[in-house]
Asker: 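Mind looking over this structure? Questions follow.
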Amino acid sequence: MFFQHSSDIWRDFPELVPAALYAEGITPDADAGARIAAHAERAAARLAGASESDLPEIQAWRRTFARMGLKPTQYRCASEALLRRFRKEGALPRLHPLIDLCNAVSIAYAVPIAVFDVSRITSHIEVRYAAGDETYLTFGGATEQPPAGEVIFADAAGRAHARRWTNRQSGHSAVRDSTANVLIVAEALHDTAAADVEALVATLAGELNTLWPVSPKSAILTPAAPRFDFPA
């Protein structure tokens, strides 16, 4: 299997800094509470001095959504949506220890993080423009068809595993209690994205290694090395 961005995405968004991480052996019984709290504290400290919309990481995604023809206040990148909920409610809902950890790291760095159950992916995932014939399964069980030109995470079976780039993942490949092997993707476009994404990946890899008996594989992707290979 592999993960990559299409050449069109690299051409149109040259400031993109993505990272991919693969891990095997995830279980639903890890106690991530202390680590989640630590990352939430970092997010709270940042929000104490500014709204999430003022953060450079979020501003960069808002500009990107606008370039894609999306109204940034209607469709928010995943990290902005999480930060907004965290600011209003003081906490995020608990779903699964891996998802909860990734959400906490996402709000700490203000960078969107997607997590996919590898067993639900066919052959690969590519971030690309939709052809218009792909299908997307919502968390509520409804099937949607992203319009041609929308940025999606697509596999070889024509499934869209995320819509509007970093706006919303699909229920099809969502992490569940039976999930064991995962692909994690983080993407940023702000001025210090290279250093911040590198730090995020190091942090996340360390947390995974602490909470589960895993040895994560990760890479920062570039136009010259855009592909991340991982086991099927």
Side-chain angles (χ1 to χ4, degrees), residues 1-26 60-61 64 67-68 77-79 98 102 105-106 109 111-131 133-136 146 148-170 172-175 179-190 192-206 208-209 214-232:
M1 285 191 173
F2 65 90
F3 168 79
Q4 68 179 17
H5 293 74
S6 71
S7 58
D8 290 346
I9 296 296
W10 284 112
R11 178 198 65 208
D12 295 343
F13 304 94
E15 67 273 34
L16 173 66
V17 180
L21 184 153
Y22 172 78
E24 299 179 347
I26 299 299
W61 273 109
T64 298
R67 286 166 59 188
M68 293 190 295
C77 75
S79 55
L98 177 62
C102 288
V105 172
S106 178
Y109 285 87
V111 169
I113 298 176
V115 189
F116 305 97
D117 183 330
V118 168
S119 71
R120 307 285 288 177
I121 297 169
T122 301
S123 178
H124 66 265
I125 286 190
E126 182 178 44
V127 182
R128 60 169 173 80
Y129 292 109
D133 57 358
E134 299 87 356
T135 57
Y136 169 88
E150 180 179 303
V151 179
I152 60 172
F153 281 60
D155 72 6
R159 294 190 187 92
H161 292 272
R163 288 199 60 186
R164 306 179 194 93
W165 203 339
T166 55
N167 171 239
R168 191 171 299 278
Q169 285 188 233
S170 167
H172 180 80
S173 51
V175 169
T179 298
N181 303 339
V182 296
L183 171 69
I184 303 174
V185 177
E187 298 164 292
L189 304 108
H190 59 289
T192 60
D196 294 340
V197 169
E198 183 176 0
L200 182 157
V201 171
T203 296
L204 192 53
L208 291 175
N209 187 253
V214 302
S215 298
K217 172 188 176 183
S218 64
I220 307 293
L221 306 179
T222 67
R227 176 163 160 159
F228 178 74
D229 292 288
F230 57 95

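Predicted, not measured: the structure shown is a model, and the values here were computed from it. All residue numbers refer to positions in the sequence shown, counting from 1.
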Asker: Is there a donor-acceptor contact under 3.5 Å from the side chain of Tyr136 to the main chain of Gln169?
Answerer: yes
Asker: Rounded to the nearest 0.5 Å, what separation is found between the CZ atom of Phe153 and the OG1 atom of Thr166?
Answerer: 7.5 Å
Asker: Is any side-chain heavy atom of Ser119 closer than 4.5 Å to a side-chain heavy atom of Asn181?
Answerer: no
Asker: Of the non-hydrogen atoms in Asp117 and Thr179, which two are nearest, and what is the gap between them?
Answerer: OD2-OG1, 2.7 Å
Asker: Give a yes or no on this: more than 12 heavy atoms of other residues, nucleotides or ligands lie within 6.0 Å of atom CZ of Arg168.
Answerer: no
Asker: Arg159 side chain to Ser173 main-chain N or O, any donor-acceptor pair under 3.5 Å?
Answerer: no
Asker: Specify the closest pair of heavy atoms between Pro216 and Ala205, including all atoms of both residues, with the distance to one decimal.
Answerer: CG-O, 3.9 Å
Asker: For Glu15, look at atom CD and say whether over 12 heavy atoms of other residues, nucleotides or ligands are found less than 6.0 Å away.
Answerer: yes
Asker: CG of Asn167 to CD1 of Ile152: how many Å apart, nearest 0.5 Å?
Answerer: 13.5 Å
Asker: Do you know which two heavy atoms are closest between Leu21 and Leu208, and how far apart they sit?
Answerer: CD2-CD1, 3.5 Å
Asker: Give a yes or no answer on whether the side chain of Thr64 reaches the backbone of Ala60 with a donor-acceptor pair at less than 3.5 Å.
Answerer: yes
Asker: Can you see which heavy atom on Cys102 is nearest to which on Ile113, and at what distance?
Answerer: O-CD1, 3.6 Å
Asker: Applying side-chain contact (heavy atoms from CB on, under 4.5 Å) to His5 and Phe13, what does each step give before you reach the verdict?
Answerer: CA-CA 11 Å; His5 293 74; Phe13 304 94; over 6 Å; no
Asker: Working to the nearest 0.5 Å, report the span between CD1 of Ile184 and CZ of Phe230.
Answerer: 11.5 Å
Asker: Find out whether Val185 and Ile125 are in side-chain contact, i.e. whether some heavy atom of one side chain is under 4.5 Å from a heavy atom of the other.
Answerer: no
Asker: Just wondering, do Val111 and Val105 contact through their side chains at under 4.5 Å, heavy atoms?
Answerer: no
Asker: Restricting to non-hydrogen atoms, name the atom on Ala186 and the atom on Leu200 that form the minimum distance, rounded to 0.1 Å.
Answerer: CB-CD2, 3.9 Å
Asker: So which atom in Ala156 and which in Ser123 form the shortest heavy-atom distance, rounded to 0.1 Å?
Answerer: CB-CB, 3.5 Å
Asker: Tell me, do Glu150 and Arg164 make a side-chain contact under 4.5 Å, heavy atoms counted?
Answerer: yes
Asker: Working to the nearest 0.5 Å, report the span between CH2 of Trp61 and CE of Met68.
Answerer: 6.5 Å
Asker: Check whether any side-chain heavy atom of Phe2 sits under 4.5 Å from a side-chain heavy atom of Pro226, and report yes or no.
Answerer: no
Asker: Just how far is it from atom OH of Tyr22 to atom CZ of Phe3, taken to the nearest 0.5 Å?
Answerer: 15.5 Å
Asker: Could you tell me if Asp8 and Ser6 have a donor-acceptor pair between their side chains, going purely by distance under 3.5 Å?
Answerer: no
Asker: Are the side chain of Arg120 and the backbone of His172 linked by a donor-acceptor contact shorter than 3.5 Å?
Answerer: yes
Asker: Got Glu187 and Val127 here, is their nearest side-chain heavy-atom distance under 4.5 Å?
Answerer: yes
Asker: If you round to the nearest 0.5 Å, how far is OG1 of Thr192 from CD of Glu198?
Answerer: 12.0 Å
